[in-house]
2 protein chains.
Amino acid sequence: MSGARKLPPRETAKLDRTTIVEAAFAVLSEKGLDGLSLRVLATHLGVQAPALYWHVRNKAELIGMMAATFGEVAARAEPGEKTWASRLIAYGHALRQAMLLHRDAARLCAIARPIEPPAENANRVAAPLIAAGLDQKRALSYQASVIAYTLGWVVYEQSQPMHEHLAQMLDLAESFASGLRAMVRGFVAEVAETTTKHRGQQRQRPQAKSRD
Amino acid sequence: MSGARKLPPRETAKLDRTTIVEAAFAVLSEKGLDGLSLRVLATHLGVQAPALYWHVRNKAELIGMMAATFGEVAARAEPGEKTWASRLIAYGHALRQAMLLHRDAARLCAIARPIEPPAENANRVAAPLIAAGLDQKRALSYQASVIAYTLGWVVYEQSQPMHEHLAQMLDLAESFASGLRAMVRGFVAEVAETTTKHRGQQRQRPQAKSRD
DNA sequence: ACCTGAACACCGTTCAAGT
DNA sequence: ACCTGAACACCGTTCAAGT
């Protein structure tokens, strides 16, 4: 019988928010989202469960910090794309890849509730789109759609029964890319329509901060 | 002081899977996903918690049954659309509306794991698309993309902090519709390309900035 | 400042026992 | 067949008390 019920008390180095989130991802990958409890996380860190409450308000905040990770990773991972369309596509792929690295990551993001002011993150991530020629409202809307699509897709991709069933009927990576491509292509067409109405003077403003 | 901690034992009529799922939705709408426990569900039904296990294997199965509801509702709600494109759009809207009726519905779907053979549901829902002229592989892929997008969108729409933040920057319903429209439009373009191979339609990349 | 021990109010689930 | 009572092994969270 495999008696692997106990995890070794990792490190007795220090205990701060960063190491806690790290260990939480380790536990997540080992036990899955259902197995991620503050108690096993604490023993994984060689500490008692209430100790975590000194660094973290509660479990919800911890989940929120974990979820925020993916957004940051994906935001950094779209380096040299110039048009807002290619940026959107790159962001979607980067976000999916980031989530696929950890078991149950999409479900975790779906559970998580953004505790930090989301305005900061949203604007930071929409900024390059605006710099690439989009107005702010559209940038936010398109960005939200790409994030929603990616999150929803990976939820199903990481659901084992769904994965098994879908994977034998179609290539998941290719289907994801197809949907993402289609959506952004539709955005491009939409923008092209509305800007040709009044002689597109909108595009090609380099680094416009667009202050109101 | 609101002392509403106890729910009235609803009906002592009968106890079968249908009434259990009904009551589960009632509890969900009152207490939210975190408050949905088998114990409060049982008291809501005027019964003890272990009684539920006669009709339902476990909580996961119950969640699965609840999630399956939305797919069925949405599948019935796209009546008279003729093209597969309009069917896809109608399905997305119907699915969103069905989920918006219940608190935390999208998160519930993200948590749920399809216990019934998903082939049945998937094919039943993709069938009209195939009948409307799509090949099966594309029908499944497009359908999956629409479902993923809708699920992900409503996850954020039903997240209270996200809702508050996004709602003041953009019209959520309109932005959802925009993304859905864009995606399906992209699908249509893709199909048009591959079917008219020797027609000289060379739009491989989405020409982000339409010239002029 | 940072962590432990002990406790509280909950969970999901099992199972013998009732009817 | 259908449900109860009691129990098991867990939860998240609080809080006095230790260092």
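Predicted model, so just to flag it, every value in this text is computed and none were measured. Lettering follows sequence order; numbering is per chain, from 1.
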For B:Phe70 and B:Ala105 the tightest heavy-atom approach is CZ-CB, 3.5 Å
Residues in salt bridge (Lys or Arg N to Asp or Glu O under 4.0 Å) with A:Asp16, at least two apart?
-> none
Could you run down nucleotides 12-19 of chain D 5' to 3' and tag each one B, S or - for protein heavy-atom contact under 4.0 Å?
-> BBBB----
To the nearest Å, give me how far apart CD1 (A:Ile20) and C1' (C:dC2) are.
-> 11 Å
Donor-acceptor pair between A:Glu164 and A:Gln160 side chains, under 3.5 angstrom | yes
Here the helical stems involving DNA chain C, each at least 3 consecutive Watson-Crick or G-U pairs closer than 3.5 Å, sorted by first residue number, are C:4-8 with D:12-16, C:12-16 with D:4-8
For the pair made of CH2 in B:Trp54 and P in D:dA1, what is the distance, rounded to whole Å?
-> 6 Å
Separation of atom NZ in A:Lys14 from atom C1' in C:dC3, rounded to whole Å | 16 Å
Rounding to a whole Å, what distance do you find between A:Leu52:CG and C:dC2:P?
-> 14 Å
Whole-Å gap separating C1' (C:dC10) and NZ (B:Lys31) = 13 Å
Taking all non-hydrogen atoms of both residues into account, name the closest pair between B:Gln158 and B:Met99 and its distance.
-> NE2-O, 3.0 Å
Is the backbone of A:Glu174 close enough, under 3.5 Å, to the side chain of A:Ser178 for a donor and an acceptor to pair up by distance?
-> no
Whole-Å distance, B:His55 NE2 to D:dT4 P, equals 11 Å
May I have the distance from B:Asp16 (atom CG) to D:dC2 (atom P), rounded to whole angstrom?
-> 10 Å
Are any side-chain N or O atoms of A:Arg107 and backbone N or O atoms of A:Val155, one a donor and one an acceptor, separated by less than 3.5 Å?
-> no
Answer with yes or no after comparing the ring centroid distance for A:Trp84 and A:Tyr142 against a 6.0 Å cut-off, counting only values under it.
-> yes
At what distance, to the nearest 0.5 angstrom, does OG1 of A:Thr43 lie from CZ of A:Arg39?
-> 10.5 Å
